[in-house]
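As C-alpha cells, the structure follows; a few thoughts come after it.
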Amino acid sequence: MKKLLFFLLVLGAIQAKAQVIKGSIDLRDSTITRSIPFEVAAGTKSVKYVIKVYADLGEVTVSLSDPNDKKSMNVTLGTKTRGGGHEPSKGELSDDLRPKVPGTWKFSISTENATGRVIYQIDTINH
Amino acid sequence: MRRCRLFLGLLLLVPGVGYGQLARLSGRVSLDTGWARKFYVCRMPGFDYMFTTYSGLIIAQGDIDTAGNFSVNFPATKDESLYRLHFIRNGDPASTLIIGSRDVNHVFFIAKQADQIRFEKTAGLPISQSGISGSKANGELNTLLRLAGNDTTGNNTFIAIANTSTSQLVGLLAISHTDKLSDGQKEKVSDILTHYNQHNVYGAHILQEYRTTNYWKLYLTGGVLLVAVLSLYGYLFYKRRAILKIWRELSQREMDIVGLILSGKSNKEVALALNIELSTVKTHVNNIYAKLGVNNRKDLDRYKDFINARAANPLV
C-alpha cells in the first residue's frame, strides 16, 4: 500500500513538472515576427519565463498576450544613439505569472533590421 | 562687479535655483560587485517608452563613488516629465533593461526644472521604486506603480488616483492603466480630464480619445434632440390634421357661428347677427359641440386658427 502511494506521489510529481519551451533566435539584419504560443490550462499554477534579448543593431520588440490578445508585457529594445549611430542594447525579461485566463498565450517577437539574439525559456507548471 | 560675482556665487549655493533649466538627481546605492559603478537617466517622451530602451533615450549618466553616492544635473522642462534611472551589471551595454526579476535595474521618477530627486537603495534589497523620493508627485507615482503591478487593481482605483493626484502626469498614467471602462467610468474620466492641461504631451492620446468621446456624446445628444424635435413636430402636424378633419365636418353656417362665438358674442348676439332664431342658434351650438367634441365655448379656442384662416381665405 505504501509503495502504491509512493508510486502515485511520484506520478503526481511527474505530472506537476513543468512543460518547458525553450529556444533561441539568431538575428542577422532580420525583419521578422515570430510567435511562441504556450497553453495555459485551467488551474495552471504558474508560468515562469525568461527572455534575454541582445540587440547589436536594429530594433527588437517582445510582447506577451493573453488568449484575448490583451498585452500584459511589451518591451522594445533599440540601438539608436542620440548622435544617429548605433549601440547595443540588452533586455532581460522575466516573471512568474499566475495566469487567470486559460487558453493559448503567446510571446511575440518582432524585429526590424535587427542583428543580435533572443533566448527564451517558458516553464508552465500545472497543478 | 564684486556684488554680481557674490550674487552668482550665492545663486549656485542655493540648491534648486542655481540649476536653472536643470533638475538634480542624487542618491546612494549599495550594489554588489556584479554591478557596474555607473548610472543612467533616460527621459521618457511618452508612456509607451517606459519599457523601451535604446542609447538615444539616455540624457545623463555618471559614476557611482566607492561609498555608493552619485549625483547628476540633467535637463528638465518647466512641466513635469517622466524619467527612468537605471543601473547596469558589469559587461552589459548602457541601454540595458531588466524587468521582472530580483535584479530589476530601473526605477521611474518625475521631475521638472529645479526639482531635486533622491534615490536610495539599501544593501541586500533589490532596486525598488519606493527608493525614489523628492516630491509629492514621486510619492504618488510610487503608489501608482505599486498598485499597477498588482493584478487585482481595478479601474476604479486608477480613476480615483487620477481624480486625487496632484500630478497630472501621475493622473494620466493612472488613466492609461484603465481597461474596458464602463460608460459611467468613461464619463468620470472624461470629467476628470476637463481639469487637466489639454496640451500635456503625456496625455496626447488619452485626451484625444476622450475628446473624441465627447464629440461622440455631442453628436448623440444632438441626434436625440433632433429626433425629439421631429417627433414633436410630427405629433403636432398630425394632431392639427386631425382637428382640421373634424373642423371640415362643420357646415358653413356652423363655422360662421363658431367665428362669432370666438369673437365673444353671446347666443343672442349671434342670432341677431345672423338674423336667425335664438333656438336655432342653440341647436347649431349643440351640433357644433357634438361634432367638435367640446363641452364649452372655451374649448372652441383651439379652432381659432381655422377661423382666422377662413377669414383670410374663405375657401378654407
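Reminder, nothing fancy here: chain letters follow the sequence lines and each chain counts from 1. Model, not experiment: these values are computed from the prediction.
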*Of all the heavy-atom pairs spanning A:Ser89 and B:Tyr54, show the shortest one and how long it is.*
OG-CA, 3.9 Å

_How close do B:Gly56 and A:Arg82 get, counting heavy atoms only, and between which atoms?_
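Heavy-atom minimum between the residues: O-NH1, 2.9 Å.
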
*Measuring from B:Asp92:CG to A:Tyr54:OH, what's the distance to the nearest 0.5 Å?*
7.5 Å

*What distance do B:Thr52 atom OG1 and A:Asn74 atom CG have between them, rounded to the nearest 0.5 Å?*
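The CG atom of A:Asn74 is 7.0 Å from OG1 of B:Thr52, to the nearest 0.5 Å.
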
_Can you tell me which portion of A:Lys100 sits under 4.5 Å from chain B's heavy atoms? Options are side chain, backbone, both or neither._
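Side chain only.
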
*Side chain, backbone, both or neither: which part of A:Thr79 has a non-hydrogen atom closer than 4.5 Å to chain B?*
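Backbone only.
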
*Side-chain heavy-atom pair B:Thr53, A:Lys90 within 4.5 angstrom cut-off*: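 Of all side-chain heavy-atom pairs linking A:Lys90 with B:Thr53, none is under 4.5 Å.
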
_Within the 4.5 Å heavy-atom criterion, are B:Arg89 and A:Glu92 side-chain neighbours or not?_
yes

*Looking at B:Asp103, B:Ile58, B:Val104, B:Asp48, which has the largest count of heavy-atom pairs under 4.5 Å with chain A?*
B:Ile58

*Flag the one option from B:Ile88, B:Leu97, B:Leu57 with the top tally of heavy-atom pairs under 4.5 Å to chain A.*
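Of the candidates given, the most pairs with chain A belong to B:Leu97.
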
*asked:* Closer than 3.5 angstrom, by distance alone: can the side chain of B:Ser95 be matched with the main-chain N or O of A:Pro88 as a donor-acceptor pair?
replied: yes

Within 6.0 Å of [atom1] in [X], more than 12 heavy atoms from elsewhere:
X: B:Phe47; atom1: CZ; value: yes
X: B:Asp183; atom1: CG; value: no
X: B:Gln185; atom1: CD; value: yes
X: B:Lys38; atom1: NZ; value: yes

